[in-house]
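In what follows, a single structure is set out as structure tokens and then discussed.
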Number of protein chains: 2
Amino acid sequence: MAEQGTQNQVSSGESLLFLTDEQLRRGIEAMFFAYRGFTADPDRILENLAYGRAHHRAIHFINRTPGTTVNNLLAILGVTKQSLNRVLRTLVEDGLVESRVGTRDKRERHLYLTEQGVSLERELSDAQRTRMRAAFRKAGPDAVTGFRTVLEQMMDPEMKRHYLAATEGSK
Amino acid sequence: MAEQGTQNQVSSGESLLFLTDEQLRRGIEAMFFAYRGFTADPDRILENLAYGRAHHRAIHFINRTPGTTVNNLLAILGVTKQSLNRVLRTLVEDGLVESRVGTRDKRERHLYLTEQGVSLERELSDAQRTRMRAAFRKAGPDAVTGFRTVLEQMMDPEMKRHYLAATEGSK
DNA sequence: AGCTTATGTCAGCCTTGTTGACTTTCCAAG
DNA sequence: CTTGGAAAGTCAACAAGGCTGACATAAGCT
């Protein structure tokens, strides 16, 4: 729908070579292939355990924001409560996550990683960070800035909100 | 495992502020949130049809390299032949993909999009490109260069090979 | 007291990944 | 010319992790 055409070479006097359909296709494939690498290392660790990527995501965000509520996690992860609950239940059963009844509002459950949970989180994020660190180092600081700028623009506004929320003061 | 510590401020005389664990965490979350945005638009189109993301990927790479073999597609997508075959079968049945027996090697099947397939590919990639284009435009050419540099470094070497294979001459 | 919110749970469905076993086709080496 | 093995396809069974719908409970709010 709404074919924009294959020519974007010149627009309003500026050279916009980086906006050709071919360049956009490259960007699309870069996202596809890079995301595979991005998840490959934690996936390898998780397949030995009884967990999957969904558990990793839950653990990551509970670690990032200890005491977060189920509802908040739901908004960040963008899945249904049934999906999240299935994951959360196994994590609580296995003693990786603790679910405490809220003090102010007793309907809410606040989620925390146990020692064991923190330990797995560290193992997973170390694996992921190692690859990210190598990529950042080879690419250099300017490339990293560009990387994050583009990704931020690619997010849905709602997701960008969640992204920025945990980023305050660490610009 | 192998905790690298939280300090990377100074290493071999250079300031490497962009390599702190906090910066890496930001990079990790940027990938997570951005990938969601990246797939959101095509996903919305696909859910009305009887197709999913797996169909989109197959269609994309058949369109990129018409006449590619099943084996080649297998290597690019990184799934089992049974998984791919299920997807390919429905696409052939629905008349979006044509599977031609190889002329040189008759065991191979060469895959092509039909008119209908090209049409769906265009609809999906237009949706995806529109978001990518907006992101690239707001971020600017230097950011786009950095974006691609980092993503390239993040790929598995095998995947990088596939990425670069379709990129020759369009640097 | 009654509505709303937060959470949990059961049941069932879909897509997409997996493994294992087996067949057909056909190139190529002995 | 036979035979080994590669390429492709198929069937069956299974699992993870999405989804919807329905319903239960507790607690906050009006």
Side-chain angles (χ1 to χ4, degrees), chain A residues 32 35-36 39-40 42-62 67-94 97-112, chain B residues 32 35-36 39-40 42-62 67-94 97-112:
Chain A
F32 171 70
Y35 197 79
R36 289 260 297 277
T39 54
D43 281 357
R44 254 188 296 275
I45 294 169
L46 288 160
E47 76 180 8
N48 301 323
L49 313 168
Y51 300 134
R53 224 175 266 179
H55 300 83
H56 182 191
R57 291 195 284 261
I59 288 174
H60 173 95
F61 285 106
I62 294 171
T68 188
T69 64
V70 173
N71 240 4
N72 188 25
L73 207 49
L74 240 33
I76 288 175
L77 296 176
V79 297
T80 58
K81 63 173 180 172
Q82 292 93 329
S83 263
L84 177 57
N85 195 256
R86 179 168 37 196
V87 165
L88 239 33
R89 201 188 317 155
T90 69
L91 290 175
V92 169
E93 278 170 7
D94 297 354
V97 167
E98 198 190 338
S99 169
R100 296 185 207 153
V101 173
T103 48
R104 220 191 46 198
D105 186 335
K106 290 178 191 165
R107 290 169 306 177
E108 296 180 338
R109 300 301 139 92
H110 297 274
L111 303 169
Y112 300 88
Chain B
F32 171 71
Y35 197 78
R36 288 260 297 279
T39 56
D43 280 358
R44 255 187 297 274
I45 294 169
L46 288 160
E47 75 181 7
N48 301 323
L49 312 167
Y51 300 135
R53 222 174 269 179
H55 299 83
H56 181 191
R57 290 196 285 261
I59 288 173
H60 173 94
F61 285 107
I62 293 171
T68 188
T69 64
V70 172
N71 237 9
N72 188 26
L73 207 49
L74 241 34
I76 288 175
L77 296 175
V79 297
T80 59
K81 63 175 179 172
Q82 292 92 330
S83 256
L84 177 57
N85 195 255
R86 179 169 36 202
V87 165
L88 241 30
R89 201 188 319 153
T90 69
L91 291 175
V92 169
E93 277 170 9
D94 296 354
V97 167
E98 197 191 337
S99 169
R100 296 186 207 153
V101 174
T103 48
R104 221 190 47 200
D105 184 337
K106 290 178 190 165
R107 289 169 303 180
E108 296 180 339
R109 301 300 138 94
H110 297 272
L111 303 168
Y112 301 87

For [X] and [N], what is the distance between atoms [atom1] and [atom2] respectively, to the nearest whole Å?
{"X": "B:Leu49", "N": "C:dT15", "atom1": "CG", "atom2": "C1'", "answer": "14 Å"}
{"X": "B:Arg100", "N": "D:dA8", "atom1": "CZ", "atom2": "P", "answer": "16 Å"}
{"X": "A:Asn48", "N": "C:dT18", "atom1": "CG", "atom2": "P", "answer": "16 Å"}
{"X": "A:Asp43", "N": "D:dG17", "atom1": "CG", "atom2": "P", "answer": "10 Å"}
{"X": "B:Leu46", "N": "D:dG18", "atom1": "CG", "atom2": "P", "answer": "18 Å"}
{"X": "B:Glu108", "N": "D:dG5", "atom1": "CD", "atom2": "P", "answer": "20 Å"}
{"X": "B:Asn85", "N": "D:dA12", "atom1": "CG", "atom2": "C1'", "answer": "14 Å"}
{"X": "B:Leu84", "N": "C:dT18", "atom1": "CG", "atom2": "P", "answer": "10 Å"}

What heavy-atom pair brings [X] and [Y] nearest, and what distance separates the two atoms?
{"X": "A:Gly52", "Y": "A:Leu46", "value": "O-CD1, 3.5 Å"}
{"X": "B:Lys106", "Y": "B:Thr103", "value": "CG-O, 4.3 Å"}
{"X": "A:Arg53", "Y": "A:Asp43", "value": "NH2-OD2, 2.6 Å"}

Taking for each residue the nucleotide of DNA chain C with the nearest heavy atom, is it A:Arg86 or A:Leu111 whose nucleotide lies nearer the 5' end? A:Leu111
Quick one: is [N] close enough that its OP1 or OP2 comes under 4.0 Å of any side-chain N or O from [X]?
{"X": "A:Thr80", "N": "D:dC19", "result": "yes"}
{"X": "A:Asn71", "N": "C:dT7", "result": "yes"}
{"X": "A:Ser83", "N": "D:dC19", "result": "yes"}

Residues touching DNA chain D, which here means a heavy atom under 4.0 Å, drawn from residues 50-58 of chain B: none
Tabulated below should be each protein N or O lying under 3.5 Å from an N or O of nucleotides 25-27 of chain C; please produce it.
none

At what distance, to the nearest 0.5 angstrom, does OG1 of A:Thr68 lie from CD of A:Glu108? 9.5 Å
What distance do B:Asn72 atom CG and B:Ile62 atom CD1 have between them, rounded to the nearest 0.5 Å? 11.0 Å
Just to verify, what does A:Arg44 make a salt bridge (Lys or Arg N to Asp or Glu O under 4.0 Å) with, not counting sequence neighbours? A:Asp41
Please tabulate the protein-to-nucleotide N/O contacts below 3.5 Å involving nucleotides 21-24 of chain D, giving atom names and distances.
unit_1, atom_1, unit_2, atom_2, d
D:dG21, O6, A:Gln82, NE2, 2.8

Pairs under 3.5 angstrom only: tabulate donor-acceptor contacts from the side chains of residues 81-94 of chain B to other protein residues two or more places apart or in another chain.
unit_1, atom_1, unit_2, atom_2, d
B:Thr90, OG1, B:His55, NE2, 3.3
B:Thr90, OG1, B:Val87, O, 2.8
B:Asp94, OD2, B:Tyr51, OH, 2.4

Does the B:Arg36 side chain pair with the main chain of A:Leu77, one donor and one acceptor, at a distance under 3.5 Å? yes
A:Val70 side-chain proximity, nearest of C:dG8, D:dG18, C:dA6: C:dG8
Applying ring-ring contact (aromatic ring centres under 6.0 Å, His included), can you list everything that pairs with A:Phe32, at least two apart in sequence or on another chain? B:Phe61
Report yes if the side chains of A:Arg109 and A:Thr69 come closer than 4.5 Å at any heavy-atom pair, otherwise no. no
